[in-house]
Number of protein chains: 2
Amino acid sequence: MTNKIVPGQRGRPRSFDEAEVLRRAQKVFLEQGFEATSYEDIALAMGLSKPSLYNTFGDKTALFERSITNYVDHAREQIMASFTTAPDLAEAAKQMLLAAADVYAEPDKPSTGCLLVGTALPGCAQNEQLRNALSGFIASLDADLEKLIAERFGADVRALGKTARELSLLISGLLFSLAVRARTGVTRRKLRKAAIELAVILT
Amino acid sequence: MTNKIVPGQRGRPRSFDEAEVLRRAQKVFLEQGFEATSYEDIALAMGLSKPSLYNTFGDKTALFERSITNYVDHAREQIMASFTTAPDLAEAAKQMLLAAADVYAEPDKPSTGCLLVGTALPGCAQNEQLRNALSGFIASLDADLEKLIAERFGADVRALGKTARELSLLISGLLFSLAVRARTGVTRRKLRKAAIELAVILT
DNA sequence: ATAATTTTGTACGATACCGTATAATATAAG
DNA sequence: CTTATATTATACGGTATCGTACAAAATTAT
């Protein structure tokens with residue numbers, strides 16, 4: 001027997017970066033919606049052709065699912081960061097909502113909102129895999145938040161006279177509500193103002 | 001000059017009811033989304049043919065807009081009803097959220113959620129008319145809520161130490177967050193439980 | 001250098017859906 | 001009874017998009 005063939009890096013090299021494609025796909029899906037985005041739209045946005053996308057990511061649904069997964073991972077990190085650094089619960093919620101506002105709206109442009117709430121959510125009614133992905137994300141987000149709140153912000157929980165579970169449900173809900181508002185095209189300034197006003201409930 | 005022609009009721013009579021078409025269209029749009037719903041789907045759901053829909057409602061976008069308008073009107077009424085009858089603010093919010101939960105999820109079926117949040121929202125990024133309709137609805141909902149809260153629940157506002165504006169923003173946000181959760185297919189029972197837990201923040 | 005392998009872009013077939021033209025049907029008016 | 005009017009259903013043309021087949025291009029291994 002000869003040596004195993006180690007593929008190494010044969011053939012013509014790729015002209016694009018997978019992570020970059022996912023970022024652009026997220027942007028296009030966010031702006032146009034899943035159904036209204038043609039596969040060619042994304043290829044054009046990347047300056048490459050459809051077959052390249054097919055070979056790498058599979059069909060449109062598969063590319064969308066990878067985009068969502070990637071987005072969810074980043075979102076979870078960002079959310080958790082606020083709750084591990086802020087000094088108190090109200091400040092943590094405020095920081096999280098302000099960070100979200102900056103993701104949902106670029107400066108001086110109408111906001112486009114959240115890829116999950118604005119684009120993935122509608123598909124849940126028909127696509128079971130998507131439904132499970134989103135409900136799983138929400139459930140684990142609530143669970144992580146509850147745990148973190150109970151561990152780090154016990155004093156705030158007692159002062160507010162609510163349970164950690166109620167507060168985690170509320171806080172994730174504040175985020176969803178901001179995402180809904182963000183989809184209606186408000187300015188970043190207004191969105192940040194709403195974020196601050198929403199966080200007031202925790203003071 | 002002869003008499004003016006009073007059209008009366010000439011020609012073949014309609015075989016359907018406009019309000020009924022709107023109700024069914026809302027259901028189909030909610031379950032499938034705007035893009036994924038073909039005009040024929042709605043015609044079939046009504047047991048009639050496409051040209052009948054075109055003659056009465058115009059194209060798919062026009063039918064969708066009428067569906068949304070109709071839905072918004074009913075939603076506003078239902079929401080306001082809770083805030084004009086309940087004895088205190090927490091109870092009003094709870095009643096509103098429970099009523100919403102019952103709209104978002106039929107008994108013993110996975111919830112399909114809210115037509116605005118679940119179906120219309122994604123279209124906002126591309127369709128300015130839709131964006132204006134939704135942002136207008138939210139703005140007027142917030143304004144109406146703020147007014148009603150200031151008028152009827154002044155004692156609760158003072159006890160909570162927040163402004164009527166902050167509370168109205170919060171309460172509409174609780175509704176949006178419930179609508180997001182509802183789209184992930186939870187049972188009515190779970191959705192009602194979440195509604196009750198969310199309303200706790202106002203006690 | 002030659003062969004093998006992988007990616008790339010153009011071009012294509014298949015399918016689905018939109019919106020409408022056309023003719024038949026059902027009612028009111030003369 | 002005949003005419004005018006409005007709605008209905010079938011059928012069709014046009015368009016867009018999906019996913020792929022094919023050959024050219026770019027790289028590694030022998």
Side-chain angles (χ1 to χ4, degrees), chain A residues 1-22 24-25 28-29 31-67 119 122-123 126-127 129-130, chain B residues 1-22 24-25 28-29 31-67 119 122-123 126-127 129-130:
Chain A
M1 287 288 274
T2 58
N3 294 346
K4 268 188 182 174
I5 295 171
V6 181
Q9 201 78 351
R10 288 266 280 258
R12 182 169 176 170
R14 289 220 174 124
S15 66
F16 60 90
D17 176 54
E18 285 197 18
E20 178 64 21
V21 170
L22 287 181
R24 299 243 194 156
V28 178
F29 279 133
E31 286 170 357
Q32 306 192 349
F34 174 73
E35 306 280 354
T37 298
S38 87
Y39 215 96
E40 197 146 21
D41 287 340
I42 295 167
L44 282 175
M46 284 300 300
L48 48 87
S49 62
K50 269 189 297 179
S52 296
L53 284 183
Y54 271 93
N55 288 338
T56 311
F57 298 98
D59 66 11
K60 195 168 83 159
T61 302
L63 174 58
F64 184 62
E65 278 159 6
R66 284 206 49 186
S67 300
T119 299
Q126 289 282 314
N127 183 336
Q129 189 171 349
L130 191 56
Chain B
M1 286 288 274
T2 59
N3 294 346
K4 267 189 181 172
I5 296 170
V6 180
Q9 201 77 353
R10 287 265 282 257
R12 182 169 175 170
R14 289 222 173 121
S15 65
F16 61 89
D17 176 54
E18 285 198 17
E20 177 64 21
V21 169
L22 287 181
R24 298 243 195 156
V28 179
F29 279 132
E31 287 170 358
Q32 306 192 349
F34 174 72
E35 306 280 354
T37 298
S38 86
Y39 215 97
E40 196 145 22
D41 287 340
I42 295 168
L44 283 173
M46 284 300 301
L48 47 88
S49 62
K50 268 190 297 179
S52 296
L53 284 183
Y54 272 93
N55 288 338
T56 311
F57 297 99
D59 66 9
K60 195 168 82 159
T61 301
L63 174 58
F64 185 61
E65 278 160 6
R66 283 206 49 184
S67 300
T119 298
Q126 289 281 315
N127 183 335
Q129 188 171 350
L130 191 55

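Just so it is clear: chains get the letters A, B, ... in the order the sequence lines come, proteins before strands, and each one is counted from 1. Quick note: numbers below take in every heavy atom, side chains included, and nothing from hydrogens, waters or symmetry partners.
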- Message: Using side-chain heavy atoms (C-beta onward) and a distance below 4.5 Å, is B/Thr119 in contact with A/Pro122?
- Response: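 Of all side-chain heavy-atom pairs linking A/Pro122 with B/Thr119, none is under 4.5 Å.
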For the residue pair [X] and [Y], what are the closest heavy atoms and their distance?
X       : Y       : answer
B/Lys60 : B/Thr37 : NZ-O, 2.7 Å
A/Leu53 : A/Ala43 : CD1-N, 3.7 Å
B/Ile42 : B/Ala25 : CG2-CB, 4.3 Å
A/Ala36 : B/Glu35 : CB-OE2, 3.6 Å

Write down the distance between [atom1] ([X]) and [atom2] ([N]), rounded to a whole number of angstrom.
X       : N      : atom1 : atom2 : result
B/Phe57 : C/dT20 : CZ    : C1'   : 19 Å
A/Leu44 : C/dT10 : CG    : C1'   : 13 Å
A/Arg14 : C/dG9  : CZ    : P     : 13 Å
B/Ile42 : C/dC17 : CD1   : P     : 12 Å
A/Glu18 : C/dT7  : CD    : P     : 10 Å
B/Met46 : D/dT8  : CE    : P     : 10 Å

Please round to the nearest 0.5 Å and tell me the distance separating atom CG of A/Asp41 and atom CZ of A/Arg24.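 Answer rounded to 0.5 Å: 13.5 Å.
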> How long is the gap from CZ on B/Phe34 to CD on B/Glu65, to the nearest 0.5 Å?
Replying inline: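 CD of B/Glu65 is found 8.0 Å from CZ of B/Phe34.
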Letter by letter from the 5' end, nucleotides 9-18 of chain D scores (B base, S sugar-phosphate only, - none; protein heavy atoms under 4.0 Å) BB------SB
key: Geometric class of the B/Tyr39/B/Tyr54 ring pair [parallel <30°, tilted 30-60°, perpendicular >60°]   =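 Parallel, since the angle between the ring planes stays under 30°.
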- Task: Report the nucleotide, chosen from D/dT27, C/dT5, C/dA28, that has the shortest atom-to-atom distance to any side-chain atom of B/Arg10.
- Result: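 Nearest listed nucleotide: C/dA28.
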Q | the helix from C/dA1-D/dT30 to C/dG30-D/dC1: angle between end helix axes, five pairs per end, rounded to 10 degrees | A |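 Nearest ten degrees gives 0° for this helix.
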